[in-house]
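Comments concern the structure below.
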Number of protein chains: 2
Amino acid sequence: MKAEKIPEATIIRLSVYSRNLQYMEEMGITKVSSQEIADATDGSSAQVRKDLAYFGEFGTRGVGYEVKHLNRHLKKILGLTKPRSVVIVGAGRLGKALMLYNGFGNRGFRVMGIFDKDMSKVGEQVGDLTISPMYKLDQFIKTHNIQMGVVTVPAAAAQETVDIMTRAGVKAILNFAPKNLIVADDVKLRNVDLAVNLEVLSFYMGLEEREGEK
Amino acid sequence: MKAEKIPEATIIRLSVYSRNLQYMEEMGITKVSSQEIADATDGSSAQVRKDLAYFGEFGTRGVGYEVKHLNRHLKKILGLTKPRSVVIVGAGRLGKALMLYNGFGNRGFRVMGIFDKDMSKVGEQVGDLTISPMYKLDQFIKTHNIQMGVVTVPAAAAQETVDIMTRAGVKAILNFAPKNLIVADDVKLRNVDLAVNLEVLSFYMGLEEREGEK
DNA sequence: TACTCACCGTGAATTATATCACAAGGATCC
DNA sequence: GGATCCTTGTGATATAATTCACGGTGAGTA
C-alpha cells in the first residue's frame with residue numbers, strides 16, 4: 001500500500017464496489033472486469049482501477065478480477081473484517097429505525113446499545129435491545145469497548161452527546177443531527193444531513209424549472 | 001447569476017449556511033461576516049465568499065452580510081421559497097421516521113403521501129397521513145403534482161419504484177436503498193447510503209489502528 | 001514456444017476545486 | 001469632505017481529483 005493520501009471519494013466508492021461485489025458473489029459470478037464494476041456503480045473503468053491502485057494490485061491483466069478475492073480485500077481495507085461495535089444515542093423514530101436496519105448487521109456492524117435521555121422511553125424494547133438511560137452511556141462504552149457512535153438526538157443535544165461519547169473513548173461518530181459538531185482531531189466525524197440532501201435536489205429542480213422558462 | 005457550472009459541494013455548503021443563518025435569525029443576530037459563517041460551518045471565509053459569488057453580491061464591504069437578507073437569498077437559490085411536494089415510498093421504519101421528521105417540514109418540504117406494497121401496512125396511520133397501496137402511487141403523483149420522491153423500499157424493489165415515480169412525473173429522488181439506480185437524464189437522483197457512511201468511518205478507524213501499531 | 005488477445009496498472013494531461021492575497025468600496029469618525 | 005478602517009469580491013495561484021492513453025503482462029491457442 002502506498003503512503004499517499006487517499007481521497008475520501010475513493011473510500012466511498014470502494015464501499016460501493018464492495019457492496020456490488022457482494023451481490024455478484026451471491027449470484028455466483030466469479031470474475032469481473034473493471035468495466036463491469038464501473039457499469040454496476042455508475043463510474044468509469046479507469047476510476048475503478050485508480051481507486052484500487054491506492055491499495056495494491058488485485059487483478060490479472062487480460063482477465064480481470066476474481067470477485068471473491070477482490071471483495072475480501074476491499075472488506076479488509078474498509079476494516080470490516082474485525083467486528084465493529086456501535087451504540088445509538090437518541091431513541092426517537094430515526095434511532096430505532098437505524099437500530100433495526102439490516103444493512104448494518106450484514107456488513108459487520110454490531111449495534112450493542114441504544115440510549116435516550118427521556119426516562120419515559122427507558123426500558124422500552126427495540127428489537128433485542130432495551131433502551132438505556134443516558135447516564136449509563138459512559139460506562140457502557142468503556143466496558144463494552146464501543147468504537148462507533150450514531151447520533152440521532154435533536155440538534156440542541158448533539159454536542160453534549162458527542163462529548164460524552166468521545167470522552168468515553170468512541171473513535172468515530174455518524175451524526176444525523178442538523179448541527180456542526182466539534183470533536184477532537186483523533187475522532188472521525190461524518191454528518192448525514194437529511195434536509196440538506198433534499199435541498200440539493202431542490203436546487204437542481206430549480207435550475208430545470210428556469211431552463212423551462214426560456 | 002453567472003452561467004458557469006456550480007460545484008455540488010458549493011450547493012451542499014449553501015444549504016448548511018442557510019441552516020445556520022436560520023439559527024442566527026432565531027437568536028436575533030442581524031449581521032454576520034463571512035468569517036463568522038465559516039466558523040459556524042467548519043469552513044474558510046474565502047470559501048464562503050466564493051460560494052456566494054456564484055450567485056451574486058450579497059454583502060457590504062467593510063460590514064458583512066445582513067442575516068435575514070442573505071438567508072432569504074439562499075433559500076431562493078435553493079428553491080425553498082416555493083413549496084416542494086414529496087412522497088415517501090416504503091413505509092418501513094425508516095420511511096415512517098422520515099415521514100415524521102420535522103427537519104423537512106420546517107425547510108419547506110411537504111410530505112403529501114406515504115406508500116407501501118405490503119397490503120397489511122395499508123390503512124395504517126402515520127402522523128396525519130394514512131399508508132396507501134402502491135397501485136395508487138402513479139395517480140397520486142399526477143393529481144397532486146408531486147415533484148420529489150423518497151425511496152425507502154428494500155434494494156430489490158428500488159428500481160421498479162423509481163420507474164413508477166419518474167414515469168408519473170417526479171423530477172428528483174432521494175434514495176435510501178443500497179442500490180445503484182438508473183433514471184432519465186432530466187431526473188435528479190441522490191443516494192444516502194447508511195452502511196457506506198459507517199464503512200467510511202470504519203476505514204479511517206482502521207488507519208488510526210495501524211498508526212497505533214507502529 | 002511464439003503469437004494474439006484482453007485488460008490491468010500507471011504516468012501524463014486535463015479538469016475541477018479550494019486557497020491566497022489584494023484591490024475595491026462602503027461606513028464611520030473627526 | 002477627507003482619511004481610516006474593515007470586510008467583501010475576485011483574479012491569480014496552488015492543490016486535488018479525474019480522465020486519458022498506452023505500455024506491460026498474464027492467459028489462451030496452435
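Heavy-atom basis, side chains included; hydrogens, waters and symmetry copies ignored.
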Notebook entry, point to check: Side-chain contact, heavy-atom cut-off 4.5 Å: Met112(A) with Arg84(A)?
Noted result: no

Checklist line | Sub-4.0 Å heavy-atom contacts from residues 27-38 of chain B onto DNA chain D, ordered by number | finding: Ser33(B), Ser34(B)

Note to self: Is there a side-chain contact between Tyr65(A) and the phosphate of dG26(D), meaning an N or O under 4.0 Å from OP1 or OP2?
What the structure shows: no

Return the polar atom pairs (N/O with N/O) between nucleotides 20-22 of chain D and the protein under 3.5 Å, or none.
from: dA21(D); atom 1: N6; to: Arg49(A); atom 2: NH2; distance (Å): 3.4

Next item on the list: Provide, to the nearest angstrom, the distance between the CG atom belonging to Leu70(B) and the P atom belonging to dT7(D).
Entry: 16 Å

Next item on the list: Name the orientation class of the two ring planes belonging to Phe104(B) and Tyr101(B) (parallel below 30°, tilted from 30 to 60°, perpendicular beyond 60°).
Entry: perpendicular

Item checked: SB check Lys171(B) Asp186(B) (cutoff 4.0 Å) -> yes

Notebook entry, point to check: When rounded to the nearest 0.5 angstrom, what is the spacing between CG in Asn71(A) and CD in Glu66(A)?
Noted result: 10.5 Å

Note to self: If I take atom NZ in residue Lys5(B) and atom P in nucleotide dT18(D), what distance separates them, rounded to the nearest angstrom?
What the structure shows: 12 Å

Check: Whole-Å distance between dA16(D) C1' and Ile12(A) CD1?
Finding: 15 Å

Next item on the list: For the residue pair Arg107(A) and Leu198(B), establish whether any side-chain heavy-atom pair is separated by less than 4.5 Å.
Entry: no

Next item on the list: Nearest whole angstrom, please: distance from the P of dG9(C) to the CG of Leu52(A).
Entry: 7 Å

Checklist line | Between C1' of dT8(D) and CD of Glu66(B), the distance in whole Å | finding: 16 Å

Margin query: Within the supplied structure, the quantity of interest is the number of heavy atoms (other residues, nucleotides, ligands) at a distance under 6.0 Å from Ile29(B) CD1; does it exceed 12?
Written below: yes

Note to self: Parallel, tilted or perpendicular: which one describes the rings of His69(A) and His73(A), with boundaries at 30° and 60°?
What the structure shows: perpendicular

Item checked: Residue-phosphate contact under 4.0 Å: Gln47(A) side-chain N/O, dA17(D) OP1/OP2 -> no

Item checked: Residue mapping more 5' on DNA chain D - nearest nucleotide basis, Phe58(B) or Ala9(A) -> Phe58(B)

Note to self: Rounding to an integer number of Å, can you tell me how far Asp51(A) CG sits from dT10(C) P?
What the structure shows: 14 Å

Item checked: Side chain to side chain, Ile6(A) and Phe55(A), heavy atoms closer than 4.5 Å -> yes

Check: What are the two closest non-hydrogen atoms of Met148(A) and Leu201(B), and how far apart are they?
Finding: CE-CB, 3.5 Å

Check: dT19(C) P sits how many Å from Arg13(B) CZ, rounded?
Finding: 8 Å

Margin query: Please check this pair: side chain of Glu25(B) against backbone of Val67(B), looking for a donor-acceptor N/O pair closer than 3.5 Å.
Written below: no

Next item on the list: Determine whether more than 12 heavy atoms belonging to other residues, nucleotides or ligands lie under 6.0 Å from atom NZ of Lys142(B).
Entry: yes

Next item on the list: Can you tell me the distance, in whole Å, between the CD1 atom of Ile6(A) and the C1' atom of dT18(D)?
Entry: 16 Å

Next item on the list: Would you mind telling me which residue lines up with the more 5' stretch of DNA chain C, Ser44(B) or Gly64(A), judged by nearest nucleotide?
Entry: Gly64(A)

Note to self: Return a single string for nucleotides 24-30 of chain C, one symbol per nucleotide in 5' to 3' order, where B is base contact, S is sugar-phosphate-only contact and - is none, cutoff 4.0 angstrom on heavy atoms.
What the structure shows: BBBS---

Checklist line | Arg93(A) atom CZ, over 12 foreign heavy atoms within 6.0 Å | finding: no

